[in-house]
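Right, one structure below, let's go through it.
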There are 4 protein chains.
Amino acid sequence: MTTFFAKQKETERQHRIDHILEAAKTVFMEKGYKNATLRKIALKAQITTGAIYVYFSGKDELYAEVCKQIFHLMNSYLDKASKVDGDIKQRIMSMAMAILRFEKDHHDAADMLAANFSILNLPDKLSEELSELGSQTTYYITRIIIDGKKEGFFPPDKDDVRLALSLWSSLEGFLYMNDYGIFDKYDIDFEELVKDHINYFICGIQQYKEEENA
Amino acid sequence: MTTFFAKQKETERQHRIDHILEAAKTVFMEKGYKNATLRKIALKAQITTGAIYVYFSGKDELYAEVCKQIFHLMNSYLDKASKVDGDIKQRIMSMAMAILRFEKDHHDAADMLAANFSILNLPDKLSEELSELGSQTTYYITRIIIDGKKEGFFPPDKDDVRLALSLWSSLEGFLYMNDYGIFDKYDIDFEELVKDHINYFICGIQQYKEEENA
Amino acid sequence: MTTFFAKQKETERQHRIDHILEAAKTVFMEKGYKNATLRKIALKAQITTGAIYVYFSGKDELYAEVCKQIFHLMNSYLDKASKVDGDIKQRIMSMAMAILRFEKDHHDAADMLAANFSILNLPDKLSEELSELGSQTTYYITRIIIDGKKEGFFPPDKDDVRLALSLWSSLEGFLYMNDYGIFDKYDIDFEELVKDHINYFICGIQQYKEEENA
Amino acid sequence: MTTFFAKQKETERQHRIDHILEAAKTVFMEKGYKNATLRKIALKAQITTGAIYVYFSGKDELYAEVCKQIFHLMNSYLDKASKVDGDIKQRIMSMAMAILRFEKDHHDAADMLAANFSILNLPDKLSEELSELGSQTTYYITRIIIDGKKEGFFPPDKDDVRLALSLWSSLEGFLYMNDYGIFDKYDIDFEELVKDHINYFICGIQQYKEEENA
DNA sequence: GATGAATGAGACTTCATTCAT
DNA sequence: TATGAATGAAGTCTCATTCAT
């Protein structure tokens with residue numbers, strides 16, 4: 001019986017945590033770390049500031065936990081995209097579009113992932129977790145690159161991780177520039193721009209001969 | 001004589017301004033806009049917070065002026081790089097390396113240029129200046145692309161600005177990822193990574209046939 | 001039960017608000033709006049400045065709330081006086097004496113009602129409330145004038161509001177002069193002076209023939 | 001010769017003082033005591049803040065000196081009005097209208113005269129001077145009342161000073177109410193309102209029988 | 001005399017965090 | 001557990017006054 005009630009309690013506790021995290025996510029996303037206040041979060045969660053301290057050690061941990069959630073959300077996008085059937089190119093494009101879609105669907109959330117977590121005063125465990133989660137993206141992309149080499153789509157002499165990082169980095173660049181409204185000044189279809197870039201990049205990988213570089 | 005003394009004073013005033021800007025730059029770079037405080041800046045400049053207000057209307061303007069300086073610095077890198085002789089590829093690479101070098105030399109400063117200045121409460125004149133300065137990079141790159149098309153290096157049907165933005169965006173992505181230490185976990189020569197990406201990208205532009213995309 | 005505790009809490013909250021308002025009133029009255037500081041108020045209320053912000057949005061609102069209280073207090077004087085039985089003259093005199101008494105009892109408080117509330121940054125609701133409260137005095141006096149005309153005490157051709165404003169204005173003048181200690185230099189019974197003035201004024205209204213003015 | 005140069009210097013000094021006072025008057029009138037800053041005054045006078053301290057001991061003294069000037073200005077209005085020919089009523093009305101005109105011509109200046117000088121940290125001499133100047137108005141009015149009694153216009157049993165203070169007080173009341181925009185809400189000709197009041201008041205003095213009051 | 005940069009105290013305000021209830 | 005009032009430190013900004021030049 002004790003166990004039953006304990007579980008019951010545990011569940012309720014988790015509910016409250018989720019509830020707070022949900023509110024925190026909204027506020028952090030909207031205001032950013034500094035401008036978000038525990039009061040606003042508490043207000044949104046319809047609890048009091050004091051209650052937050054029952055479940056979280058403070059603002060920093062709360063922020064980190066929200067980030068964790070967002071990382072998981074993002075990875076769910078990637079996971080889904082990674083399961084799409086098709087040739088290598090289609091799979092890469094699917095992955096890229098998933099990242100773009102996530103950015104579009106959760107604009108402010110995406111911003112949070114770029115935070116420099118080192119400024120927060122976090123316990124080591126959380127820091128590592130966040131770092132680990134941030135690496136997931138590379139894993140997903142790398143996997144496709146590896147498949148691509150197996151299938152002869154990419155030359156075997158190129159390094160998987162380097163290609164994956166290269167692809168991801170450029171994608172992030174587009175998101176970053178888009179975020180700061182750089183493209184707003186021009187009459188440009190953002191998605192098309194990214195697709196073209198990936199096409200050029202893939203094409204380049206396939207065609208580029210190292211000796212040319214000499 | 002009056003003129004002489006007036007100049008003398010003007011120079012001294014400029015010295016002080018530069019001195020404050022220097023301190024502000026350090027602090028803003030290290031802490032970011034929100035976390036930087038006038039007190040910290042004043043402390044670093046070995047003055048009082050009040051003294052800052054003799055030269056600047058407030059935190060926002062101070063921040064903006066620091067950004068202006070950094071933009072100018074960055075543009076000096078670009079300007080120098082844009083004057084390098086060589087073929088189109090070499091010129092693009094020279095430009096890219098200039099951006100990398102700037103990022104390396106002024107790591108934290110580069111971050112500031114990404115700030116969303118619209119959140120600051122700036123006089124219109126300053127806002128415009130910053131916006132204008134921020135566009136310079138695109139101009140530099142676009143110019144090379146245009147030359148490249150003239151010389152037959154790039155296909156004539158590709159849009160100059162789109163290519164320039166695309167190139168710049170991917171570069172920014174690398175810088176961004178590097179900033180957040182993504183590459184630190186891997187044994188990767190950052191510069192090589194970027195060079196490879198550009199090579200693939202350029203090669204892709206030249207070789208990519210639109211019909212393939214169908 | 002919930003209701004009971006909620007009420008309890010509400011009451012306590014009101015107590016605290018009243019406590020702060022009391023301190024604020026003292027300080028504002030003594031120093032005026034500009035010279036009063038939240039620190040002084042907090043000190044007097046034996047709390048910290050921050051605590052004030054739990055109950056009030058800032059200095060302006062605090063000031064406005066104090067004014068509201070004073071207006072209400074003043075209106076309670078007027079209300080009581082307006083219920084006095086007697087002929088028109090006695091009723092006017094009763095009203096005038098109420099104003100004098102209020103001024104005497106709450107010397108500095110009275111000053112605050114003269115504030116130009118438009119310089120404060122108040123929510124519309126508060127602004128309107130204050131404006132409304134400030135008009136009350138005229139209403140009370142006007143009502144007596146109207147009765148006076150009905151009873152034939154005043155000539156029917158005189159405008160109610162003009163007479164009321166005229167009476168009130170002169171009263172305010174006496175208060176104002178008294179405030180600045182003008183009468184202190186002379187050996188004068190302030191109340192008698194005002195009574196005489198009102199007597200002359202009333203007598204004048206009754207006797208004055210417009211044609212004389214030609 | 002020394003004397004000549006000394007005088008020259010003295011004159012120049014006075015010029016500067018006047019120049020500063022002029023600027024100070026403008027700023028104090030516009031902003032009020034607290035909101036006026038020495039910098040604004042210095043700016044308007046096209047000198048530096050430091051220079052002000054050569055001629056004045058500080059902000060308070062500067063304010064007081066400005067008030068002195070305004071008192072003198074006001075008294076010049078009264079002086080001129082007091083010299084008007086006509087019967088007693090006309091002379092009183094002339095005096096009243098002069099006060100109204102002064103208030104109209106120098107709206108903000110008039111406000112300053114109402115300041116509670118005791119909050120300023122002034123040397124005794126200045127305080128007394130200000131007090132003395134503030135009494136002038138009563139003198140002017142009293143003189144007419146006295147003449148009025150001599151001529152049989154007013155009953156001989158009424159006290160001169162009391163009548164003068166009474167008249168002046170009510171006038172001040174109208175100005176005060178007008179200042180705070182009380183009349184703005186009503187469609188009222190301010191000057192007419194005041195004239196009527198004075199007429200009633202004078203009429204009342206002449207007609208009012210003390211025994212009625214019993 | 002005059003300058004004006006600099007000070008230093010103090011203004012209002014915000015907020016993460018604590019703690020008595 | 002939960003409350004929410006209160007704290008205390010810190011934030012930006014203002015300004016009368018001083019003082020080296």
Side-chain angles (χ1 to χ4, degrees), chain A residues 9 12-13 16 34-43 46-63 121, chain B residues 5-6 8-9 12-13 15-17 20 34-42 45-60 62 121, chain C residues 5-6 8-9 12-13 15-17 20 34-42 45-60 62 121, chain D residues 9 12-13 16 34-43 46-63 121:
Chain A
K9 252 191 177 170
E12 204 178 316
R13 185 183 161 82
R16 289 212 205 250
K34 256 286 177 182
N35 268 6
T37 70
L38 291 194
R39 176 184 285 215
K40 283 174 196 157
I41 291 168
L43 219 76
Q46 287 182 292
I47 52 165
T48 58
T49 54
I52 292 177
Y53 284 82
V54 175
Y55 303 101
F56 300 94
S57 71
K59 191 186 186 184
D60 283 10
E61 189 184 297
L62 186 54
Y63 187 78
N121 212 342
Chain B
F5 283 125
Q8 183 106 337
K9 256 191 180 163
E12 205 177 318
R13 187 185 161 82
H15 277 329
R16 275 189 244 264
I17 288 179
I20 294 173
K34 261 287 179 184
N35 257 44
T37 70
L38 292 189
R39 180 180 296 203
K40 284 174 196 156
I41 292 168
Q46 286 182 292
I47 51 170
T48 57
T49 55
I52 292 176
Y53 286 83
V54 176
Y55 303 99
F56 301 94
S57 72
K59 190 187 185 185
D60 283 11
L62 185 54
N121 210 346
Chain C
F5 283 125
Q8 183 107 337
K9 255 190 179 164
E12 205 176 318
R13 186 185 162 82
H15 277 329
R16 274 188 244 266
I17 287 179
I20 294 173
K34 263 287 179 184
N35 257 43
T37 69
L38 293 189
R39 178 183 294 204
K40 284 173 195 156
I41 292 168
Q46 287 182 292
I47 52 170
T48 57
T49 55
I52 293 176
Y53 285 84
V54 176
Y55 303 99
F56 302 93
S57 72
K59 190 186 186 186
D60 283 11
L62 185 54
N121 209 346
Chain D
K9 252 189 177 172
E12 204 178 318
R13 184 183 161 82
R16 292 215 202 246
K34 255 288 179 182
N35 268 6
T37 68
L38 291 194
R39 176 184 284 214
K40 283 173 197 157
I41 292 168
L43 219 74
Q46 288 181 291
I47 53 164
T48 58
T49 54
I52 292 177
Y53 284 83
V54 176
Y55 302 102
F56 302 93
S57 72
K59 191 186 186 184
D60 284 11
E61 190 183 297
L62 185 54
Y63 187 78
N121 212 343

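Below, all heavy atoms of this structure are taken into account, side chains as well, without hydrogens, waters or symmetry copies. Every chain is numbered from 1 and lettered A, B, ... according to where its sequence line falls, protein lines coming before strand lines. Just so it is clear, the structure is predicted and the values come from calculations on it, not from any experiment.
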Worksheet item: Under the side chain to side chain contact (heavy atoms under 4.5 Å, CB included) criterion, do C/Y55 and C/L62 qualify, and how do the steps go?
Response: CA-CA 9 Å; C/Y55 303 99; C/L62 185 54; over 6 Å; no
Practice prompt. Would you tell me if any nitrogen or oxygen in the side chain of A/R16 comes within less than 4.0 Å of OP1 or OP2 on F/dT1?
Written response: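 For A/R16, the contact criterion (side-chain N or O under 4.0 Å from OP1 or OP2 of F/dT1) is not met.
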Worksheet item: Using a cut-off of 4.0 Å between protein heavy atoms and nucleotide atoms, how would you tag nucleotides 7-14 of chain F 5' to 3' with B, S and -?
Response: BB--SSBB
Can you name the nearest heavy-atom pair linking [X] to [Y], along with the distance?
{"X": "D/K59", "Y": "D/L38", "value": "CG-CD2, 4.0 Å"}
{"X": "D/K34", "Y": "C/N35", "value": "CE-OD1, 2.5 Å"}
{"X": "D/T49", "Y": "D/A42", "value": "N-CB, 3.6 Å"}

Give the rounded distance in Å between these two atoms: [atom1] of [X] and [atom2] of [N].
{"X": "C/L62", "N": "E/dA11", "atom1": "CG", "atom2": "C1'", "value": "15 Å"}
{"X": "D/Y63", "N": "F/dA16", "atom1": "OH", "atom2": "C1'", "value": "17 Å"}
{"X": "D/E61", "N": "F/dT17", "atom1": "CD", "atom2": "P", "value": "11 Å"}
{"X": "C/I17", "N": "F/dG4", "atom1": "CD1", "atom2": "P", "value": "14 Å"}

Response to the item:
Assert: residue with more 5' nearest nucleotide on DNA chain E, out of D/E12 and B/R13, is D/E12
Discussion item. Could you measure the distance from the CD1 atom of C/I17 to the CZ atom of C/R13? Nearest 0.5 Å is fine.
Written reply: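 The distance works out to 4.5 Å.
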Practice prompt. Nearest 0.5 Å please: distance from the CD1 atom of D/I52 over to the CD1 atom of D/I47.
Written response: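 One finds 4.5 Å between CD1 of D/I52 and CD1 of D/I47.
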Worksheet item: Which of the following nucleotides, F/dT1, E/dG1, E/dA2, is nearest to the side chain of D/Y55?
Response: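 Output: E/dA2.
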Fill in: Rounded (10°) bend between the five-pair end axes of the helix from E/dA2-F/dT21 to E/dT21-F/dA2
20°
